[in-house]
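Sequence positions, counted from 1, serve as the residue numbers for this chain.
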Amino acid sequence: MNSHSASAAVPDRAARLKAIIGGSTGNLVEWFDWYVYAAFSLYFAPHFFPSTDRTAQLLGTAAVFAVGFVMRPIGAWIMGIYADRHGRKAGLSISVTLMCAGSLMIALTPGFETIGIAAPILLTLARLMQGLSVGGEYGASATYLSEMAGKDRRGFFSSFQYVTLISGQLLAILVLLVLQSTMSEGQLDAWGWRIPFAIGAVLAVVVFWIRRGLAESHSFTNAKAAGAPKSGFLQLLTQHPKETAVVMLLTAGGTLAFYAYSIYMQKFLVNTSGFSREVASQINGVTLFVFMLLQPLAGALSDRIGRKPLMIAFGLAGVLFTYPIFSTLETTRDPITAGLLVMGALVIVTGYTSINAVVKAELFPAHIRALGVALPYALANTLFGGTAEVVALKFKDAGFERGFYWYVTAMIAVSLVVYLRMRDTRTHSQIMED
């Protein structure tokens with residue numbers, strides 16, 4: 001591919017900005033819909049899994065949630081190939097369509113008392129669609145944002161993928177708090193829980209309309225015009241085995257650290273540190289908000305000094321401080337001290353989260369980039385990120401809770417070795433267009 005052939009067609013600032021907004025707002029809606037399920041499961045569980053035992057109800061909804069997680073690598077595989085063959089815009093549009101359909105289905109499906117076993121079956125089908133959607137969204141949006149950002153601002157603009165990921169999570173929590181304050185418990189139990197799923201479906205329709213009006217990335221159109229090979233699973237493994245392994249290994253420690261420091265941390269503050277659920281939620285919400293604001297700053301820094309220094313900083317700090325942070329939190333009873341410790345952990349992992357999307361995109365040529373970004377990431381995310389909470393609780397149940405701290409430290413160390421050995425993708429990028 002010739003970068004000169006693309007130079008005449010390089011998008012202007014307005015086109016780039018529209019592309020970044022279209023790509024990242026869709027990501028926000030995707031993650032809002034994904035997290036709404038977890039946030040409102042206490043309310044809708046009895047409608048789909050009737051039982052006198054609340055734990056049995058929650059186990060049913062948790063199992064469906066897990067099924068959605070398992071679908072993410074499958075979504076990454078199918079949708080990654082689709083985005084490589086039919087365009088980033090097409091991939092982004094179909095991913096948000098699937099999410100819309102899944103949310104709408106949950107919002108409208110009658111309960112078990114009305115349609116019997118069909119209710120949990122439809123809930124599972126909706127979650128399968130959402131799992132496919134989220135799995136495909138990462139590769140398509142990471143690729144699109146990285147290709148449309150422009151060489152000098154690629155780290156900055158691609159960092160908005162994590163900004164919108166955290167925004168979706170915070171928005172789901174905000175909707176929950178608003179509904180809890182404006183509706184009675186009975187109303188929420190009866191029908192109010194359907195509202196956030198309906199909101200998610202409507203927002204997805206708006207994003208679909210926005211995304212249909214986006215420009216296609218020139219990386220894709222140039223690869224298509226040059227007759228580049230077709231994207232496929234075998235092509236990824238046989239022609240890009242090193243890059244595929246690098247994505248999996250650089251993701252392993254980063255995604256585990258992210259889930260340990262953010263998602264699991266809220267439960268850790270309650271079960272181990274002894275904070276109330278309300279205080280733990282406040283600490284989690286405030287630190288996640290600051291963490292969200294840090295992403296563009298770190299992304300912009302990577303545009304100046306390179307991606308590699310940030311990843312190495314995360315690796316070194318993660319290895320040195322993960323154990324001390326968790327072990328100190330065990331005995332911390334002051335919310336401000338706990339918040340500062342959690343914030344310290346999130347500052348550390350920012351070296352990974354802010355730039356992981358662009359690093360992966362810069363490793364692969366355009367014709368296989370969406371699949372190369374999505375599939376190995378999704379596999380590592382499912383193996384290490386998705387299991388973080390289960391592993392942590394298994395260690396705690398076995399009476400060796402600190403084993404989890406060592407596990408996180410060890411996986412960050414594995415990723416650190418990869419960071420030290422790989423070339424800086426800012427100066428050795430496979431994204432040819434400026």
Side-chain angles (χ1 to χ4, degrees), residues 28 31-32 35 38-39 42 159-160 162-178 180-181 253-299 301 310 313-356 385 388-389 391-393 395-396 401-409 411-412:
L28 185 153
W31 287 103
F32 168 77
Y35 283 118
L42 280 169
S159 71
F160 280 89
Y162 251 85
V163 171
T164 50
L165 185 155
I166 300 300
S167 298
Q169 186 177 359
L170 291 173
L171 185 59
I173 295 169
L174 179 62
V175 169
L176 174 61
L177 293 173
V178 169
Q180 284 175 333
S181 64
T255 192
L256 175 59
F258 171 68
Y259 275 84
Y261 298 162
S262 62
I263 308 299
Y264 174 64
M265 184 61 78
Q266 185 173 6
K267 296 176 179 64
F268 179 87
L269 290 172
V270 175
N271 294 337
T272 301
S273 302
F275 290 101
S276 68
R277 284 179 294 181
E278 292 75 18
V279 171
S281 296
Q282 290 166 8
I283 292 170
N284 197 234
V286 171
T287 53
L288 279 177
F289 181 75
V290 178
F291 174 63
M292 176 185 74
L293 299 179
L294 289 176
Q295 305 308 300
L297 299 177
L301 181 62
L310 267 72
F314 153 64
L316 288 172
V319 168
L320 291 174
F321 295 112
T322 293
Y323 187 93
I325 286 172
F326 273 105
S327 58
T328 305
L329 276 170
E330 286 179 357
T331 57
T332 299
R333 299 293 176 264
D334 176 48
I336 294 176
T337 304
L340 290 172
L341 286 166
V342 174
M343 196 66 251
L346 291 174
V347 168
I348 289 170
V349 81
T350 295
Y352 163 80
T353 56
S354 60
I355 58 169
N356 79 97
E389 195 170 303
V391 172
L393 293 173
F395 272 116
K396 186 175 179 65
E401 185 167 23
R402 293 189 171 188
F404 178 67
Y405 318 161
W406 288 120
Y407 166 61
V408 176
T409 300
M411 290 311 304
I412 294 174

N284 versus S262, closest heavy-atom pair with distance:
ND2-O, 3.2 Å
Suppose we screen for side chain to side chain donor-acceptor pair (under 3.5 Å). Which residues come up paired with T337, at least two apart in sequence or across chains?
D334
Residue pairs fulfilling side chain to side chain donor-acceptor pair (under 3.5 Å) with at least one residue in residues 163-176, sequence neighbours excluded:
N27-T164
Listed by chain and number, what are the ring pair (Phe, Tyr, Trp, His ring centres under 6.0 Å) partners of F160, not counting sequence neighbours?
F156
Run the side chain to side chain contact (heavy atoms under 4.5 Å, CB included) test on L170 and Y35 for me, step by step, so that the C-alpha distance in whole Å, both residues' side-chain angles and the decisive distance to 0.1 Å come before the verdict.
CA-CA 9 Å; L170 291 173; Y35 283 118; over 6 Å; no
Is any side-chain heavy atom of F268 closer than 4.5 Å to one of E330?
yes
Answer whether the closest heavy-atom distance between the side chains of F314 and V349 falls below 4.5 Å.
yes
Check G299 against I355 and note the closest heavy-atom contact, atom names and distance.
CA-CG2, 4.2 Å
Considering non-hydrogen atoms only, spot the tightest contact between L256 and A388 and give its length.
CD1-CB, 3.6 Å
With sequence neighbours left out, the residues meeting side chain to side chain donor-acceptor pair (under 3.5 Å) with T287 are none
Kindly indicate whether the side chain of L294, heavy atoms from C-beta on, has any atom under 4.5 Å from the side chain of M343.
yes
Looking at OG1 of T409 and CZ of R402, how far apart are the two atoms once the value is rounded to the nearest 0.5 Å?
12.0 Å
Partner set under side-chain contact (heavy atoms from CB on, under 4.5 Å) for L301, not counting sequence neighbours
I305, L310
For L340, side-chain contact (heavy atoms from CB on, under 4.5 Å) partners two or more places apart:
I336
Answer yes or no: is there a side-chain heavy-atom contact under 4.5 Å between L269 and L329?
yes
What pair of heavy atoms forms the shortest contact from P296 to S159, and how long is it?
CA-OG, 3.2 Å
Q266: what forms a side chain to side chain donor-acceptor pair (under 3.5 Å) with it, not counting sequence neighbours?
S281
With sequence neighbours left out, what residues match Y162 under ring pair (Phe, Tyr, Trp, His ring centres under 6.0 Å)?
F258
Only one of L165, V175, L174 passes side-chain contact (heavy atoms from CB on, under 4.5 Å) with F32, and that residue is V175
Residues in ring pair (Phe, Tyr, Trp, His ring centres under 6.0 Å) contact with Y405, at least two apart in sequence or another chain
Y323, F326
Can you name the side-chain contact (heavy atoms from CB on, under 4.5 Å) partners of L177, sequence neighbours left out?
I173, Q180
If I compare all heavy atoms of F275 with all of A280, which pair ends up nearest, and what's the gap?
CB-N, 4.5 Å
CD1 on I166 to CZ on F289, rounded to 0.5 Å
12.0 Å
Ring centre gap for F404 and Y264 strictly below 6.0 Å
yes
Taking side-chain contact (heavy atoms from CB on, under 4.5 Å) as the test, write out the residues that go with V286, two or more places apart.
none
Name the residue from V319, L316, L320, I348 that meets the side-chain contact (heavy atoms from CB on, under 4.5 Å) definition with I412.
V319
What distance do I283 atom CD1 and S273 atom OG have between them, rounded to the nearest 0.5 Å?
8.0 Å
Gap separating the CG atom of N271 from the NZ atom of K396, nearest 0.5 angstrom:
6.0 Å
Does a side-chain heavy-atom distance below 4.5 Å link I325 with Y261?
no
Between S327 and P324 (side chain of the first, backbone of the second, donor and acceptor by atom type, cut-off under 3.5 Å), is there such a pair?
yes
Atom pair CH2 (W31) and CG (L28), whose distance is rounded to the nearest 0.5 Å
11.5 Å
Output every pair passing salt bridge (Lys or Arg N to Asp or Glu O under 4.0 Å) with a member in residues 254-273, not counting sequence neighbours, ordered by first then second residue.
K267-E389
